[in-house]
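Here the structure is a predicted model, which is why all the values come from computation and not from measurement.
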Amino acid sequence: MGLLVSTCRGDLRSSLQLYFVDRQLSRTAFTSADAPEPMICVRGKSTGSLRMGTFQWTEGVTAFCELALRSALWQSGCREEDPPLLEGGPGTPAASLDYALGKPPLWISDLCGVCADGSPRLKRHIHRMNPERRRAGNAVLHFRRQFLVDCRIEIYVDGVQLGRTGIQSLLRNLIGETDAPLPSLFRDQEEHRWLHSVYRSELSRAIGRTDALSPTGNRTLLRHFLKDCEGVGLSEGGERLVRLLEARPSGRHRVGVGDYHRPLQRAFDGRSLSVAIPITLVPAMMMCQRLADRCGLRLEIDYRFHHAIELVHSILGGSCEALPDAIALGCAPAALFLEQLTALDYEPLMLLPNLAHRVLRRREVDSLNAASADMMLVMSERSTSLMYFEHLSKSGALPGRRLSLVHGDQDQIFDALAHRQVDQAIAFFPDYCFNARYNDCVYVDEPGNVSEKEVILFVRRSERLGPHAFQALECGLRVYWLAFREYACEAESALTRWTSDPAYLHTLTRLSGLSIHPRSSFSSSA
């Protein structure tokens, strides 16, 4: 694992690279404008080379690493706040680093070299309050603000740059903190394994059956999309979107061949990339996060939306604090978005893995009674749920004329089914899995049959993002789409990351309705 700390003003002037193995620092390299040859510092007592310094894994080194990681998190968050502090009394990391800076051992000089007067450079970058605890109180240290403003901090694991979540995980491992608790339901190992298994099935289904990576499959999906749009009165917006997507020549990027790391890194230049993805679009979310982790992007995924309709309404209503750089939308919201938001410089970039729906019915209700019962759909008359309902009605699978439609979000659907206010519903993934397992519901559609609706990724043009950045983003996403298909370890790593993330799981259980029902009411049967 490695941590790269670069100090630059306009162009790269100095860099400090820190490499970790098993949560411990193993090697550093420092370069600066006045030191063309990198200064190497390795863990150990001796290297046998006059050009290499050494350090040992001491409390002072550990404290330095902690301060660097906290500062990296500060850079990726709100810079109006003061830089992070390392503070503590005797025996704390703050006291250890303070002591090392006050009576500097050789590693303090070996890390970054010395100034013209012979003093270690590192002492100039770290400000100490109450140095060596000369007065009562704690030792307090922080990197100077100007150093952090001029410095770009990048975290790498096995040569791959981490985003904010990865930095937090590395910091927790370094200082021995435990992760935040999972929601009570998924603290149970059996339930957590079940969640992981259904996410694995969904990722496999979506990336394998969405044939958007071949030209023929891409055109077929776009024709399906256009037909669906005509069914809900969105033919003009749908036709325009199809024209724009068909006009994008992907070339070799269609199959994930081309340089995408450097163009993306140059385009965002250490700044964050904001992506709004409804919590129902699990494969798209995993692809974006994997690309960010592998490419070194500071990715901020906002998944706090029940569905794409809610996301579109939040943008149209001005409730978003800042417009995201990219958004993922199902087919009906995508056409609506294109019709109304072209003035905001969004454009469609590519198709993503399809969105999944299924039809649920309370187990106690037979098909005859359900024929004239209420059917609950996701809120809004322009939704992919409505498209699926219309398809089922036309095919005769559902007696549409005899059903009374009710609208609501996922948590409302779960609640209505639990309290027998409706008999059946059309739900997204993973909510149909939750209702089947915990709400005593059964699937109405055929075993293994899932409605698949197209998903489009939109990107927003800005002064810092041009067509080359978009082409690189498209290529990178296709790379990890294919990687999920070809390499089980890539898919498994993405699955483990999301099914073990407390913040994501807490949001998921709330948006799905699980958190408002007592654990004792859940059925234990699969």
> In chain order, what residues pass the side-chain contact (heavy atoms from CB on, under 4.5 Å) check against Ser493, with sequence neighbours excluded?
Replying inline: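 Checked Ser493 against side-chain contact (heavy atoms from CB on, under 4.5 Å); matches are Arg290.
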>> Ser314: which residues meet the side-chain contact (heavy atoms from CB on, under 4.5 Å) condition with it, sequence neighbours left out?
In response: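 Applying side-chain contact (heavy atoms from CB on, under 4.5 Å) to Ser314 gives Phe305, Leu311, Ser319, Cys320.
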> So Tyr388 and His357, would you call those rings parallel, tilted or perpendicular, with 30° and 60° as cut-offs?
Replying inline: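 The rings of Tyr388 and His357 sit tilted, inter-plane angle from 30° to 60°.
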> Salt-bridged, Glu190 to Arg193, with N to O below 4.0 Å?
Replying inline: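 Salt bridge flag = no for Arg193 with Glu190.
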>> Could you check whether Arg460 pairs with Glu347 (Lys NZ or Arg NE/NH1/NH2 to Asp/Glu carboxylate O, under 4.0 Å)?
In response: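 Result for this pair is no, no salt bridge flagged.
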> Going by atom types alone, do Thr499 and His196 pair a side-chain donor with an acceptor below 3.5 Å?
Replying inline: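 Yes, side-chain donor-acceptor contact under 3.5 Å.
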> Will you find, in the side chains of His506 and Arg510, an N or O donor that is under 3.5 Å from an N or O acceptor?
Replying inline: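 No pair is found: no donor N or O on one side chain lies under 3.5 Å from an acceptor on the other.
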Can you give the donor-acceptor pairs under 3.5 Å from side chains of residues 427-436 to other protein atoms, not counting sequence neighbours?
{"from": "Asp431", "atom 1": "OD1", "to": "Ser512", "atom 2": "OG", "distance (Å)": "2.8"}
{"from": "Asn435", "atom 1": "OD1", "to": "Asn439", "atom 2": "ND2", "distance (Å)": "2.9"}
{"from": "Asn435", "atom 1": "ND2", "to": "Asp431", "atom 2": "O", "distance (Å)": "2.9"}

>> Nearest 0.5 Å, please: how far is CG in Leu213 from CG in Asp211?
In response: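 The CG atom of Leu213 is 7.0 Å from CG of Asp211, to the nearest 0.5 Å.
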> Is there a donor-acceptor pair closer than 3.5 Å between any side-chain N or O of Thr210 and the backbone N or O of Asn354?
Replying inline: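 The answer is yes, because a donor-acceptor pair under 3.5 Å joins these two groups.
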> Counting heavy atoms not belonging to Glu486, are there more than 12 under 6.0 Å from its CD?
Replying inline: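 More than 12 heavy atoms, drawn from other residues, nucleotides or ligands, come within 6.0 Å of this atom.
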> Is the number of heavy atoms from other residues, nucleotides or ligands within 6.0 Å of CZ (Arg304) greater than 12?
Replying inline: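 Incorrect, the count does not exceed 12.
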